[in-house]
Protein chains: 2
Amino acid sequence: MPRLRSTKPRSATTPGTDTEGIDISFLRTQVGYNARRAALHIIGIFMERMAAYELKVVEFSVLSLLAHNPGLTSRHVCAALSIMPPNLVGLVTALEKRGLLERRPHPSDGRAMGLYLTPDGEALTTEAEQAVAQLEVDATANLTASERKTLIRLLQKVYD
Amino acid sequence: MPRLRSTKPRSATTPGTDTEGIDISFLRTQVGYNARRAALHIIGIFMERMAAYELKVVEFSVLSLLAHNPGLTSRHVCAALSIMPPNLVGLVTALEKRGLLERRPHPSDGRAMGLYLTPDGEALTTEAEQAVAQLEVDATANLTASERKTLIRLLQKVYD
DNA sequence: TATTGTTATACTCTATAACTATA
DNA sequence: TATAGTTATAGAGTATAACAATA
């Protein structure tokens, strides 16, 4: 299989700032590279807009997960979001201090704590989810509704 | 707009380990969430397989970029791969110490250094690119060739 | 004055080991 | 013996400020 590889060194006169003329043909044919670039693009816009709610990506994910699954334990949240248990502790503590969720002892398992949104947490999450839904549409404005649906389906086929 | 949100708390008897039965319907409708999950899935397999070449994702990206664009300056590489200049320094130094690339003074700009793969670097990159291409196909085995092509096209529409 | 490459540094994110209390 | 939550800590990744050499 022949390698497509330019032999001519790049213009010796203009180092320049732009990305124009740089050959990234190999990386562009890889799903991983493109998925990462697309994810970072959307996450960048997420961070800009969600700063108003003082929510990072993982914090929003936890809140949204608990909004739809009240009483989930830390272990459940970790499994669903691929978070290491030690890293969830500080996160939950911070959200608890902000009055957005609370830990309640599990009724039948003395080791476990159920996580529940407070009314404030519910309200904020409702707003935040709407903001995220809008932000996602804006961040993927180059896609038609149909393309967006197809993209999500194909991405899920990759990791499911 | 009604919120779909379960009101019934989760089973009080089985905290469990699995992810079964957890409702992640909201997150699953977001492109950003799915793109990140898919990227992490592929990157995980990348790290496993490319450990044989002692190459991390960013290191491979730099090598592949230089293979197709000999003489690129640090500034170019940073712009093309969204790396902060201070973070590229150690990376290039390490690859140089491994004998995979070398810095040559730019012929017309005394500040700049052109980056070039050594013959060893070229050889390793050729092997690594083949390994990555295979790994990508394996990591996206649930997709047909046509779906894979569509996925890449849609991802590029998002961030281009 | 602006830019390239660099150093030093700080901040964030993620990962590992070990402890406690319960099961 | 195993598991849930936690603590402390280490490591990787990413970001900013400032400097020397050159444009």
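What's counted below: heavy atoms across the whole structure, side chains too, no hydrogens, waters or symmetry copies. Just so it is clear: chains get the letters A, B, ... in the order the sequence lines come, proteins before strands, and each one is counted from 1.
For B/Gly110 and A/Pro86, each mapped to the nucleotide of DNA chain D holding its nearest heavy atom, the one lying further toward the 5' end belongs to A/Pro86. Remark on DNA chain D: of its neighbouring residues A/Pro85 and B/Ser82, the 5'-side contact belongs to A/Pro85, judged by nearest-heavy-atom nucleotide. If B/Asn87 and A/Val58 are placed on DNA chain C by their nearest nucleotide, the residue sitting closer to the 5' end is B/Asn87.
Across the protein-nucleic acid pair, B/Leu91 atom CG and D/dT14 atom P stand 10 Å apart, rounded to whole Å. For B/Arg103 and C/dG5, the CZ to C1' distance is 9 Å, given to the nearest whole Å. Per the geometry, CD1 belonging to B/Ile83 stands 11 Å off C1' belonging to D/dT14, to the nearest Å. Look at NE2 on A/His76: it is 11 Å from C1' on D/dA4, rounded to the nearest Å. The distance from atom CG of A/Leu81 to atom P of C/dA15 is 14 Å, rounded to the nearest whole Å. The separation between A/Asp109 atom CG and C/dA21 atom P is 16 Å, rounded to whole Å. Remark: P of C/dC13 and CD1 of A/Ile43 are 11 Å apart, rounded to the nearest angstrom. Between the P atom of C/dT6 and the CZ atom of B/Arg75 lies a distance of 14 Å, rounded to the nearest Å.
Side-chain proximity of A/Met84 to the nucleotides D/dA15, C/dA15, C/dT4 is greatest for C/dA15. Listed nucleotides D/dT14, D/dT7, C/dG5 differ in distance to A/Arg36; the shortest reach to its side chain belongs to D/dT14. Residue A/Arg111 places its side chain closer to D/dA2 than to any other of D/dT22, D/dT7, D/dA2.
Of all non-hydrogen atoms in A/Arg28 and B/Tyr159, the two that sit nearest each other are NH1-OH, 3.3 Å. When every heavy atom of A/Asn69 is checked against every heavy atom of B/Gly21, the shortest pair comes out as OD1-O, 4.2 Å. Here the closest heavy-atom approach between residue A/Cys78 and residue A/Leu88 is recorded as SG-CD2, 3.6 Å.
Side-chain atoms of B/Thr73 and B/Arg111 include no donor-acceptor pair closer than 3.5 Å.
Under the 30°/60° scheme for interplanar angles, the aromatic rings of B/His68 and A/Phe26 are found to lie parallel.
For the OP1/OP2 pair of C/dT12 and a distance below 4.0 Å, the side-chain nitrogens and oxygens of A/Lys56 include no atom meeting the criterion.
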